[in-house]
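Each remark here refers to the structure printed beneath this line.
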Amino acid sequence: EVQRPALRLLRKMETFSQRLDANYRLNGRKATLQDLAEATQPSPDLFKYLESISEFKVFSKNHILFQQGDPIRRLYILRTGWAHLTTGSAAGEERFLGPIHCLGVEGITRDGVWGETCTLLGRAEVLEKSLAKLRQNPEFREAALLAFGKVSGKQPELRAKTSLPVIQAQQRLIETGLVDGTNLLLMDMEMCVRCGNCSLACHKVHGQSRLVRRGIHVERPTSIAKVSKPQSLLSPSVCMHCQDPECLTGCPTGAIQRLAGGQVDIDPKTCIGCGDCATQCPYNAISMVPRKRAAETAEGWIGFWKLAPEPLPAAVEQTDELLAVKCNLCAGTGLNPVGSQEPAYSCEENCPTGALLRVNPHIYFKEVGNIENLISRDTTHGIARRVSHRDRLKQAMHGIGLLVTLALTGLTLLGIANYGLAKPLISTWLNIRWMTGLVGLIGIAGVMAYPVRRQVYRRRAGPLRYWLLLHGYLGVIAGIVLLLHGGNGSGGLLTTLLMISFDLVIATGIFGIATYYFIPRLLTRIEEQPLLMEDLVARRDELRQEIAVTLAALPETGRTLIQRHVAAKLFSLAYLFRQYLRKQSLDGQITVAVSSITAYSSGFTSDEQAKLMEASEKLAILRRVEGLVYLHKGLKLWLLPHVLMTSLMLALMLVHIIQVVYFAVR
């Protein structure tokens with residue numbers, strides 16, 4: 001092992017630098033041919049010959065490897081990186097290729113010209129072979145054609161016309177670098193309820209959150225074979241443990257290392273707090289915090305009953321005694337004790353809906369996997385094992401929950417039909433009413449296990465999404481059984497209040513389930529970029545100030561015109577609901593707002609007309625922002641009534657149990 005700072009010093013020696021470069025190219029050539037051999041299985045003689053005529057090169061981003069119409073003189077094998085191939089046709093056909101693909105196979109047997117222009121989308125390692133030398137040896141020419149044809153970029157499945165949404169998704173994923181991560185954190189925005197529990201869990205485990213819910217937004221088709229519903233994904237600003245991390249290569253002290261588990265982490269003893277890694281990370285995944293704050297730990301059970309949210313930490317203003325921190329895949333924490341086989345991550349474990357997962361991008365993104373010949377079987381990186389948001393265990397739990405609910409409901413109804421509620425079964429007091437009461441009590445106890453589980457962040461307690469599912473089904477079971485437990489009569493005042501509170505708990509819970517299902521999907525449909533609530537509120541206040549300034553510059557007739565023909569329409573309740581029910585882009589909404597004022601602006605000066613258009617445009621944006629704010633607030637609208645009704649129900653139930661036991665003993 002040679003630390004990078006030492007390596008940088010050694011490279012200043014000309015002889016050492018030349019030797020290092022030669023060895024790097026030699027190893028790159030051998031590694032590329034070995035990968036090729038796995039895919040094509042050439043003969044040993046052909047392998048040696050190809051090695052003798054090959055040259056390993058490294059190219060930078062936007063390098064043009066060849067241009068359409070140029071003669072094909074070289075064979076190219078893309079070892080790492082991505083290639084963008086375009087034609088000059090009117091249709092503007094384009095496609096992408098990844099490792100390991102061969103370009104120029106058609107030039108092995110005959111002269112030809114390139115039919116496409118190839119541009120490299122980032123740093124790329126390429127193995128070049130001289131076609132003139134390959135043609136000189138007829139013995140290997142046909143064998144080479146057969147071998148390279150298996151990984152040719154002109155294979156029928158790669159040449160097939162790809163839909164525009166798939167091409168756009170490929171381009172977005174490659175250009176943003178998401179496919180170059182080994183352990184990528186993804187949020188499915190149709191499942192995300194914007195609770196922030198992932199960031200809170202990170203804070204609880206590490207003392208400061210290393211997950212920011214802002215990042216790279218990708219919209220992709222869920223299927224590459226046919227036109228499908230787009231999936232909205234957000235990759236938050238958190239470390240994705242890149243294959244070639246810029247933070248690691250740029251650290252002046254070697255504090256950033258790839259550890260035995262494959263994760264990239266920072267050694268706090270070696271970090272000098274220079275901030276180079278934070279400025280070089282293209283994903284804003286590294287934060288600089290005071291060493292004192294980094295040493296702090298989050299509170300344990302002290303804040304269990306706290307209702308007010310925790311205040312945001314103060315901004316870092318000091319310039320010395322800083323420490324770089326980032327996601328380390330929760331290594332060395334209680335979530336991953338020594339000897340644990342399956343990795344666990346606090347953010348993923350504490351997502352209540354399963355919207356947030358750490359995935360292997362090469363397998364998760366099928367539109368990228370289908371343009372790679374060899375998917376990396378790397379064991380030196382911390383590659384995520386999840387490859388899909390589809391959760392089979394959750395689906396199985398749904399099936400089991402439905403069966404148990406139906407079975408217990410059927411058994412309860414059967415028992416009431418045969419024995420009634422008060423008829424003794426085994427002893428004088430054991431009857432259906434007591435049995436249903438006990439089953440309901442057990443169900444409620446299970447329901448209350450969910451808020452207890454929500455406070456467990458630093459050790460494994462099972463993914464929160466399964467606890468939430470169990471919470472829901474136990475609540476339904478307890479509700480049905482206790483409803484039958486009450487019988488025909490409402491009982492006394494206490495019992496009546498208890499049943500009413502229980503009904504309200506169930507009603508608010510069902511409303512919450514519906515809210516968690518529909519509102520994220522509405523948000524995803526009308527927002528063009530996932531935004532946090534604080535971002536929306538800040539933008540709303542900014543727009544209101546800008547609109548006030550614009551209107552103040554207009555004459556009274558202009559302000560009246562805006563009020564009657566733009567504001568009255570945009571800020572009506574009907575228009576608000578139309579935003580939710582009818583998909584319309586923000587540009588379309590702005591066009592409608594501006595067109596509604598255009599017909600009445602002829603009597604104004606050109607400057608006043610421009611301000612009328614500006615005010616109309618900003619009002620349309622403001623209405624869209626307010627619509628998103630209302631949806632964000634709607635996600636939490638049910639929570640306070642649900643908690644209050646649950647607290648009241650538990651208090652009344654405790655009194656009811658004491659009363660029943662007292663009279664039973666008497």
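We number each residue from 1, following the sequence as shown. The basis for the numbers below is simple: all heavy atoms, side chains too, and nothing from hydrogens, waters or symmetry mates.
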Sorted by chain and number, sequence neighbours left out, side-chain hydrogen bond (donor to acceptor under 3.5 Å, both in side chains) with H217 holds for S232
With sequence neighbours left out, the residues meeting ring pair (Phe, Tyr, Trp, His ring centres under 6.0 Å) with F16 are none
message: Any carboxylate oxygen within less than 4.0 angstrom of a Lys/Arg side-chain nitrogen, looking at E125 and K57?
response: no
- Going by distance alone, is a donor N or O of one side chain under 3.5 Å from an acceptor N or O of the other, for H362 and E372? yes
Answer yes when D111 and R135 have at least one side-chain N-carboxylate O distance shorter than 4.0 Å, and no when they do not.
yes
D535 meets the side-chain hydrogen bond (donor to acceptor under 3.5 Å, both in side chains) criterion, sequence neighbours left out, with R214
Those residues at least two apart in sequence (or on a different chain) that pass side-chain hydrogen bond (donor to acceptor under 3.5 Å, both in side chains) with E219 are none
Applying ring pair (Phe, Tyr, Trp, His ring centres under 6.0 Å) to Y283 and not counting sequence neighbours gives none
For a quick test of your reading: what N or O donor-acceptor pairs under 3.5 Å do the side chains of residues 184-197 make, sequence neighbours left out?
residue	atom	partner	partner atom	Å
D188	OD1	E190	N	3.1
D188	OD2	Q231	NE2	3.2
E190	OE1	K229	NZ	3.3
E190	OE2	K229	NZ	3.3
R194	NH1	M189	O	2.9
R194	NH1	C192	O	2.7
R194	NH2	E527	OE2	2.8
N197	OD1	R454	NH2	3.4
N197	OD1	Y457	OH	3.4
N197	ND2	N350	O	2.7

Applying salt bridge (charged side-chain N to carboxylate O under 4.0 Å, His left out) to D45 and not counting sequence neighbours gives none
Sequence neighbours excluded, the answer for salt bridge (charged side-chain N to carboxylate O under 4.0 Å, His left out) partners of E14 is none
Sorted by chain and number, sequence neighbours left out, salt bridge (charged side-chain N to carboxylate O under 4.0 Å, His left out) with D70 holds for none
Self-check item: Note: K48-E51 ion pair, threshold 4.0 Å (strictly below)
Solution: no
For R213, the side-chain hydrogen bond (donor to acceptor under 3.5 Å, both in side chains) test, sequence neighbours excluded, returns none
Hits for salt bridge (charged side-chain N to carboxylate O under 4.0 Å, His left out) against R74, two or more places apart or cross-chain, chain-then-number order -> E128
Contacts satisfying salt bridge (charged side-chain N to carboxylate O under 4.0 Å, His left out) that involve residues 354-370 (not counting sequence neighbours) are R220-E367
